[in-house]
Amino acid sequence: MEKIIRIKETDSTNKIAKDYIRKGVKSGTAIISNSQTAGKGRLGKSWVSVPGKGLYCSIIIRPACKRDQFSLITLVTGLVVADIIEEISGGNAQLKWPNDIILAGKKCAGILCEAVLDQQHSDYVIIGIGININLSVSDIPSQIASKTTSMAIVAGNDFDINDTFNKVYHNLLKAVDEYCEFGFSQFYENWRKRDFLQGKKTSWCTVSKDVVVGKAIGLARNGEYHIQDDNGNLHEVLSGDLTQAEK
Ligand code: BTN
């Protein structure tokens, strides 16, 4: 089966990646769509997928590492995508734990990793990547306009979507192999250099919707994110959502 599958429109590339996995695909198979009608984000959110203006892709891999190492593939992917966005757009790309790429203070890309666990064969990870490449201000819905940007808005010119995909695809497969072989330590310092929240007043909304407000201490070596509340208690964040509490 072809390794790069290009389609015009789908509901979600992550969703059809699961159908391909059921049929049996090689590690490194990627699905890239010109548009999505129901792009998925983390925590049940949706991903606005303006036709022909962004990169909407899912890369299917069979990682050569254990299941308990899968969760940090999100962080490794974030770093790969941030490096490429910065290289291509020239703007300073930062990371908001665990999976947002921030350009000029606003979200420009997001990552949705999903594991497909299999008893008989080896496990798969679907790495879904959405990058706002050529969206203009009028393409962004008003509800998310204050927090969302694109490479074109920041740089003032458009970029080649396919060229961006090729760079992401190549660098990501290499980075995941390196992560599986050598661990997260080689990515850790670079991730911290790009940390958007570190030192800022931050609000952590847990999956059960409790809210903790404190100072962002930063990423720990095991991939958790640390927040210290006003009473000095340290919170080790493994799930939920982090946002900057005030500017
Ligand atoms: C997030 O920021 O919460 C994650 C967004 C991930 C969006 C990408 S677009 C391609 C792939 N297919 C999806 O349905 N979602 C991911």
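Bear in mind the structure is a predicted one, so any value in this text is a computation, not a measurement. Order of appearance sets the numbers: ligands from 1, and atoms from 1 within every ligand.
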| message | Looking at F196, I'd like to know if the NZ or CZ of K200 sits under 6.0 Å from its six-membered ring centre while staying within 45 degrees of the ring's axis. | response | yes
| query | Charged N to carboxylate O under 4.0 angstrom, D139 versus K53? | reply | yes
| request: Name the closest protein heavy atom to atom 6 (C) of ligand 1, giving the residue it belongs to and the distance to 0.1 Å. | output: K40 O, 3.5 Å
| query | With a cut-off of 4.0 Å, which atoms of ligand 1 are near a heavy atom of S12? | reply | 12 (N), 13 (C), 14 (O)
| query | Can a salt bridge be assigned to the pair D241 and K45 using a cut-off of 4.0 Å between side-chain N and carboxylate O? | reply | yes
| Hey, which atoms in ligand 1 end up nearer than 4.0 Å to a heavy atom of C57? | 10 (C), 11 (C)
| task | Inspect the contact between D11 and K40 and indicate whether a charged nitrogen and a carboxylate oxygen are less than 4.0 angstrom apart. | result | no
| request: Before accepting this row, confirm whether a basic side-chain N of the pair E178/K174 lies closer than 4.0 Å to the acidic partner's carboxylate O. | output: yes
| query | Counting from 1, what ligand 1 atoms have a heavy atom of G41 closer than 4.0 Å? | reply | 1 (C), 3 (O), 4 (C), 5 (C)
| query | If we only count N/O pairs under 3.5 Å, is T13 in contact with ligand 1? | reply | yes
| message | With the threshold set at under 4.0 angstrom, would you say Q36 reaches ligand 1 through any of its heavy atoms? | response | yes
| field | Which of the ligand 1 atoms, numbered from 1, are nearer than 4.0 Å to a heavy atom of R42 | value | 1 (C), 3 (O), 4 (C)
| field | For atom 5 (C) of ligand 1, closest protein heavy-atom neighbour | value | W47 CE3, 3.5 Å
| Which of the atoms of ligand 1 are close to G39, meaning less than 4.0 Å from one of its heavy atoms? | 14 (O)
| task | State yes or no: do V80 and Y56 share one hydrophobic cluster built from I, L, V, M, F, W and Y residues joined by side-chain heavy-atom distances below 4.5 Å, directly or via other members? | result | no
| field | Electrostatic pair K23:D19 at N-O distance under 4.0 angstrom | value | no
| Which part of S49 is near ligand 1, with near meaning a heavy atom under 4.0 Å away: side chain, backbone, both or neither? | neither
| query | Among protein heavy atoms, which sits nearest to atom 2 (O) of ligand 1, and what does the distance come to when rounded to 0.1 Å? | reply | K107 NZ, 2.6 Å
| message | Is K15 close enough to touch ligand 1? Criterion: a residue heavy atom under 4.0 Å from a ligand atom. | response | no
| query | Would you call the rings of Y225 and W97 parallel, tilted or perpendicular if under 30° counts as parallel and over 60° as perpendicular? | reply | tilted
| query | What part of N99, side chain, backbone, both or neither, has a heavy atom within less than 4.0 angstrom of ligand 1? | reply | side chain
| Salt bridge check: are R221 and E189 linked by an N-O gap of less than 4.0 Å? | yes
